[in-house]
There are 2 protein chains.
Amino acid sequence: MGVDPGLTRCGFAVVQMQPNRSGESLHVEVKGTSSDEDLAVRILAIQRAAEQLLDEFAPDVLAIERVFSSANAPTAIATAQASGVVIAAAAARGIPVAWHTPSEVKAAVTDDGRADKDAVARMVARILNLPGLPKPVDATDAYAVAICHGWRSGVGAKFNMTAATATHQGARTALQKAAAQRSTGMTAAQRAWQDAERRAARR
Amino acid sequence: MGVDPGLTRCGFAVVQMQPNRSGESLHVEVKGTSSDEDLAVRILAIQRAAEQLLDEFAPDVLAIERVFSSANAPTAIATAQASGVVIAAAAARGIPVAWHTPSEVKAAVTDDGRADKDAVARMVARILNLPGLPKPVDATDAYAVAICHGWRSGVGAKFNMTAATATHQGARTALQKAAAQRSTGMTAAQRAWQDAERRAARR
DNA sequence: CCCATTATAATGAGGT
DNA sequence: ACCTCATTTGCTTCAC
DNA sequence: GTGAAGCAACGGTTCA
DNA sequence: TGAACCGTATAATGGG
């Protein structure tokens with residue numbers, strides 16, 4: 001499941017990635033909250049939305065865009081608050097969480113770290129065999145994150161994500177450690193995977 | 001209940017404010033999470049802690065420090081994520097949430113916007129008749145936020161907080177609006193209350 | 001293959 | 001409902 | 001009383 | 001276990 005966190009609009013996309021680099025869209029949803037409501041209520045609404053989807057689709061992993069702040073603290077904070085409840089909801093269900101920066105996402109789907117939104121939308125549509133471009137903008141991003149993670153984590157490649165079992169411990173720890181020990185003699189895909197996991201683990 | 005949000009250490013303080021400007025400490029707790037754990041798990045732990053306390057003490061209001069970011073985005077974001085789950089937990093229980101800036105808090109309890117930590121700790125201890133200074137530093141801050149809100153919201157004064165009932169709508173909206181309509185002819189306490197609420201409502 | 005540089009967002013309000 | 005555009009912290013304190 | 005300026009924190013690691 | 005100190009973003013792109 002990919003998530004594009006935001007206070008006013010939070011995008012969720014459930015995708016089934018295939019070994020052959022394509023994917024199937026199982027669900028898309030953009031939860032909107034109006035500024036008329038109390039902030040706490042808005043955050044709660046997002047949490048509820050996330051919970052519902054996680055329960056309904058029980059994804060193997062939750063991929064979410066890392067929050068970035070450049071000269072707009074308030075919005076970044078609000079976004080972070082929203083992302084907080086989402087990742088907590090995942091953790092409560094033993095679902096591993098992976099973070100990806102916007103650049104990673106764009107680069108993953110378009111092979112160009114600085115591709116405009118349209119390019120991303122088009123690629124997403126192609127990869128998922130969508131009839132048209134994803135309707136709400138935030139849906140596109142949610143899709144993209146999901147795809148990005150699928151790619152980088154190696155879903156459909158030689159490696160698969162192992163679902164987290166314990167509530168107490170990060171799921172990927174074991175795999176990570178194993179990979180880290182043999183830091184040499186890996187294919188490009190393996191390196192990419194390791195790097196991605198290592199990075200994701202830092203947060 | 002006052003909250004000092006943080007990822008590694010999150011302080012919670014339950015206080016019963018008295019009409020005579022003093023208060024009684026009902027509970028203090030600092031939830032700590034180690035960086036060994038997965039971030040999602042850490043956030044979840046904080047959420048759980050908040051939930052437990054909210055259920056146990058059913059406070060009239062949750063007062064929390066507003067997150068501030070200047071030259072440290074990552075930290076601010078983590079803090080915000082933590083605060084997110086806390087306020088969501090409150091919202092889920094229909095408990096109104098109020099935000100206060102660090103300056104407000106310090107100024108409220110020490111009459112000096114830029115008082116050092118010790119001064120705050122001492123004042124808190126005095127106000128609450130504590131045997132000694134609050135043990136974990138974060139506890140002090142949690143206490144202070146609670147006291148600050150009690151003061152500024154007028155708990156123990158002529159006005160009391162009304163608990164939120166609906167999940168869907170901000171609790172204070174009605175009160176706020178009523179107060180805003182008659183913006184004149186109020187006592188200092190009334191003005192303070194109105195201002196505090198108005199400010200709190202913005203976020 | 002390694003190093004330096006640089007680009008990066010989201011909200012709220014208002015109009016269509 | 002979608003899209004476009006502009007904005008980008010807030011409070012205490014001190015000086016006047 | 002009004003207006004202008006300055007300042008605010010936390011996480012990770014290491015040591016006692 | 002608790003206290004003090006230091007740093008404060010990241011990753012893709014392009015060039016050496």
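These numbers come from the heavy atoms of this one structure, side chains and all, not from hydrogens, waters or symmetry mates. In what follows, chains carry the letters A, B, and so on, assigned in the order in which the sequence lines appear, proteins first and then strands, with residues in each chain numbered from 1.
Applying a 4.0 Å cut-off to non-hydrogen atoms, the residues of residues 110-121 of chain A that approach DNA chain F are A:Asp111, A:Asp112, A:Gly113, listed by residue number.
For the P atoms, the distance linking E:dG11 with F:dA9 amounts to 15 Å, nearest Å. Using P as the reference atom, D:dG10 and C:dT6 are 32 Å apart when rounded to the nearest Å. Nucleotides D:dT9 and C:dT11 place their C1' atoms 14 Å apart, quoted to the nearest Å. The same atom, P, is picked in F:dG14 and in E:dC7; the two are 42 Å apart, to the nearest Å.
Phosphate contact (OP1/OP2 of C:dA9, side-chain N/O of A:Arg66, threshold under 4.0 Å): absent. Phosphate proximity of F:dA12 to A:Arg152: present, with a side-chain N or O under 4.0 Å from OP1 or OP2. Considering only side-chain N and O atoms, B:Lys106 lies nowhere under 4.0 angstrom from the phosphate OP1 or OP2 of D:dG10.
Minimum atom distance to the side chain of B:Thr8 is reached by E:dG11, of the listed C:dA10, C:dA9, E:dG11. Each of D:dT9, E:dA8, C:dA9 was ranked by its minimum atom distance to the side chain of A:Pro74; first place goes to D:dT9.
A:His149 and A:Ala63 make their closest contact through CB-CB, 3.5 Å (heavy atoms, listed as atom of the first residue, atom of the second, distance). Scanning all heavy atoms of the two residues, the minimum distance from A:Phe12 to A:Ile46 falls at CZ-O, 4.3 Å. Between B:Ala40 and A:Val97, the shortest heavy-atom contact is CB-CG2, 3.8 Å.
The interatomic distance linking B:Arg9 (CZ) with E:dG12 (P) rounds to 10 Å, in whole Å. Atom pair B:Glu65:CD and D:dG10:C1' shows a separation of 14 Å (rounding to whole Å applied). Between the CZ atom of B:Phe68 and the C1' atom of F:dT8 there is a distance of 13 Å, rounded to whole Å. In this structure, CZ of A:Arg42 is placed 14 Å from P of C:dA10, rounded to the nearest angstrom. B:Leu39 has its CG atom 17 Å from the P atom of E:dC10, to the nearest Å. Rounding to whole angstrom units, NZ of residue B:Lys135 and P of F:dA3 are separated by 9 Å. Summarising the geometry, the separation between CG on B:Asp4 and P on E:dC10 is reported as 6 Å, rounded to the nearest angstrom. Rounding to whole angstrom units, NZ of residue A:Lys31 and P of C:dA10 are separated by 20 Å.
In this structure, F:dG15 and C:dC2 make a Watson-Crick or G-U wobble pair, each of the two defining distances being under 3.5 angstrom.
The side chain to side chain contact (heavy atoms under 4.5 Å, CB included) test applied to B:Ser25 returns B:Val28, B:Leu128, B:Leu130, B:Tyr143, not counting sequence neighbours. Take B:Asp138 and apply the salt bridge (charged side-chain N to carboxylate O under 4.0 Å, His left out) test, not counting sequence neighbours, and it matches B:Arg9. For A:Ala142, the side chain to side chain contact (heavy atoms under 4.5 Å, CB included) partners at least two apart in sequence or on another chain are A:Asp4, A:Ala13.
In summary, of the residues considered (A:Asp141, A:Val30, A:Val124), a side chain to side chain contact (heavy atoms under 4.5 Å, CB included) with A:Pro134 occurs for A:Val124 alone.
Mapping A:Ser103 and B:Ala71 onto DNA chain F by nearest heavy atom places B:Ala71 closer to the 5' end of the strand.
Using a 3.5 Å distance cut-off with no hydrogens or angles, the side chains of A:Asn20 and A:Ser22 do pair a donor with an acceptor.
In this structure, the side chain of B:Arg122 does not engage the main chain of B:Leu133 through any donor-acceptor pair within 3.5 Å. Of the possible donor and acceptor atoms, one in the side chain of A:Thr33 sits under 3.5 Å from a partner among the backbone N and O of A:Leu7.
The line from CD1 of A:Ile87 to CD1 of A:Ile64 is 6.5 Å long, rounded to the nearest 0.5 Å. The structure places CD1 of A:Ile95 at 7.5 Å from CE of A:Met1, a figure rounded to the nearest 0.5 Å. Rounded to the nearest 0.5 Å, atoms CD (B:Gln16) and NE2 (B:His27) are 15.5 Å apart.
Counting only Watson-Crick and G-U wobble pairs whose two distances sit under 3.5 Å, DNA chain E takes part in these stems of three or more pairs: D:9-16 with E:1-8, E:9-16 with F:1-8.
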For nucleotides 13-16 of chain E, list the nitrogen or oxygen atoms of the protein found under 3.5 Å from its nitrogen or oxygen atoms, one pair per line.
residue	atom	partner	partner atom	Å
E:dT13	OP2	B:Ser35	OG	3.3

